[in-house]
Trainee: 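Can you read through this structure? Questions will come right after.
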2 protein chains.
Amino acid sequence: MNEAITHFKVPVEREPREACLGPDGSVAHVTRILRMITGRWKLPILFRLFAEPSMRASQFMRDIPDISQKMLTQHLRELEYDGLVARRDFGEQPPRVEYGLTVAGRGLMPVLMAMREFSKHYPKCPTDDDER
Amino acid sequence: MNEAITHFKVPVEREPREACLGPDGSVAHVTRILRMITGRWKLPILFRLFAEPSMRASQFMRDIPDISQKMLTQHLRELEYDGLVARRDFGEQPPRVEYGLTVAGRGLMPVLMAMREFSKHYPKCPTDDDER
DNA sequence: CGGCATCCCTTATGATACTG
DNA sequence: CAGTATCATAAGGGATGCCG
């Protein structure tokens with residue numbers, strides 16, 4: 001009873017999301033990067049560290065308006081986890097912790113710059129030559 | 001209810017956080033791009049259109065596993081709103097609608113490729129030279 | 001100073017059923 | 001085939017208080 005007449009959907013083994021991933025698993029790769037830099041305060045933090053090699057939590061709080069300490073810590077942790085930011089605890093009293101970009105973090109900046117340039121090139125939705 | 005088809009949340013322009021915007025308002029610009037390509041199915045759609053110049057809704061449904069029709073339409077609308085994708089309704093019966101990348105959409109691809117390359121370059125969190 | 005925990009709200013995303 | 005409408009749930013974000 002494993003014959004041809006399939007009146008039903010043959011268990012078409014769905015590829016493990018392999019499809020639609022684009023060349024070289026582009027989608028997966030880009031998604032990974034997006035996850036790393038997506039977050040209400042990820043960019044402000046990264047760009048701040050790009051300008052200032054070493055930053056303390058209190059400095060971020062001062063330089064980034066409206067950010068809460070919770071979100072600051074949380075996003076710093078995520079960035080650290082993703083290897084973009086390095087955390088350095090001096091183990092002093094009172095506490096002293098400094099943050100900085102990792103090699104990867106610095107390597108990411110050019111990509112962000114590319115995104116910025118693209119944004120500049122398309123100030124608004126180019127309603128003119130929108131035809132495919 | 002004779003309004004435009006706004007199936008999605010119109011980008012509620014966040015407050016003009018002038019500060020911490022980085023050089024040239026980098027943060028704002030990059031954030032804008034991120035907002036355009038962030039979404040569970042934005043990348044699969046874009047990369048699919050990059051490979052296939054013209055796509056119909058049903059094709060997306062076939063090529064992108066697990067995507068629901070609602071999300072497909074919603075994300076296509078958003079991409080269209082942001083000027084990355086062009087929608088072409090042939091006004092036929094039965095319905096025939098085709099989607100394709102706009103000039104801006106095609107211009108974005110190199111940026112996405114750059115992100116992919118970066119991802120490849122840092123396969124994992126580079127725990128070696130993480131020091132600032 | 002830095003950081004963690006809790007409660008709560010706004011969105012993003014999903015499941016499902018329906019229309020032209 | 002393409003798209004709409006509703007309801008339900010998950011994830012992101014924010015306010016606040018306590019700790020070493």
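Only heavy atoms go into these numbers, but all of them, side chains included; no hydrogens, no water, no symmetry mates. Owing to the predicted nature of the structure, the values given are computational and were not obtained by experimental measurement. A note on names: the letters A, B, ... follow the listed sequences, proteins ahead of strands, and every chain is numbered from 1.
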Trainee: Counting side-chain heavy atoms from C-beta on, which of dG2(C), dG14(C), dG13(D) comes nearest to Ala57(A)?
Mentor: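 Of the options given, the side chain of Ala57(A) lies nearest dG2(C).
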Trainee: How do Gln59(B) and Gln74(A) order along DNA chain D: which one's closest nucleotide is nearer the 5' end?
Mentor: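 Its nucleotide being nearer the 5' end, the pick is Gln59(B).
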Trainee: Please report the closest heavy-atom contact between Lys42(A) and Arg35(A), naming both atoms and the distance.
Mentor: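 Smallest heavy-atom distance, with atoms named: NZ-O, 3.9 Å.
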Trainee: According to the interplanar angle, ranging from 0 to 90°, do the rings of Phe50(B) and Phe47(B) count as parallel (below 30°), tilted (30 to 60°) or perpendicular (above 60°)?
Mentor: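 Rings of Phe50(B) and Phe47(B): perpendicular, over 60°.
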Trainee: Looking at Ile64(B), is its backbone amide N or carbonyl O close enough to the side chain of Arg48(B) to form a donor-acceptor pair, meaning the two atoms are under 3.5 Å apart?
Mentor: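 It does not hold such a pair.
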Trainee: By the definition side chain to side chain contact (heavy atoms under 4.5 Å, CB included), identify the one residue from Leu72(A), Asp66(A), Leu76(A), Leu46(A) that meets it with Trp41(A).
Mentor: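 When side chain to side chain contact (heavy atoms under 4.5 Å, CB included) is applied between Trp41(A) and each of Leu72(A), Asp66(A), Leu76(A), Leu46(A), only Asp66(A) qualifies.
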Trainee: Does dC1(D) have its OP1 or OP2 closer than 4.0 Å to a side-chain nitrogen or oxygen of Arg56(B)?
Mentor: no
Trainee: With heavy atoms under 4.0 Å as the rule, sort Arg96(A) into base, sugar-phosphate or nothing.
Mentor: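 The answer is nothing, as Arg96(A) stays clear of every strand by at least 4.0 Å.
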Trainee: Sequence neighbours excluded, which residues qualify as salt bridge (charged side-chain N to carboxylate O under 4.0 Å, His left out) partners of Arg96(B)?
Mentor: Glu92(B), Glu98(B)
Trainee: Reading nucleotides 15-20 of chain C from the 5' end, what letters show protein touch, with B for base, S for backbone sugar-phosphate only, - for no heavy atom under 4.0 Å?
Mentor: B----B
Trainee: dA11(D) phosphate, OP1 or OP2: any side-chain N/O from Arg40(B) under 4.0 angstrom?
Mentor: no
Trainee: Any side-chain N or O of His75(B) under 4.0 Å from OP1/OP2 of dA12(C)?
Mentor: no
Trainee: Could you state the CG-P distance from Leu76(A) to dG2(C), rounded to the nearest angstrom?
Mentor: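 Result: 11 Å.
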Trainee: Given dG14(C), dC1(D), dC4(C), identify the nucleotide with an atom nearest to the side chain of Arg77(A).
Mentor: dC4(C)
Trainee: Is there a donor-acceptor pair closer than 3.5 Å between any side-chain N or O of Ser119(B) and the backbone N or O of Ile33(A)?
Mentor: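 Checked: no pair found.
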Trainee: CG of Leu34(A) versus P of dA11(D): gap in Å, rounded?
Mentor: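 Going from Leu34(A) (CG) to dA11(D) (P), I get 18 Å.
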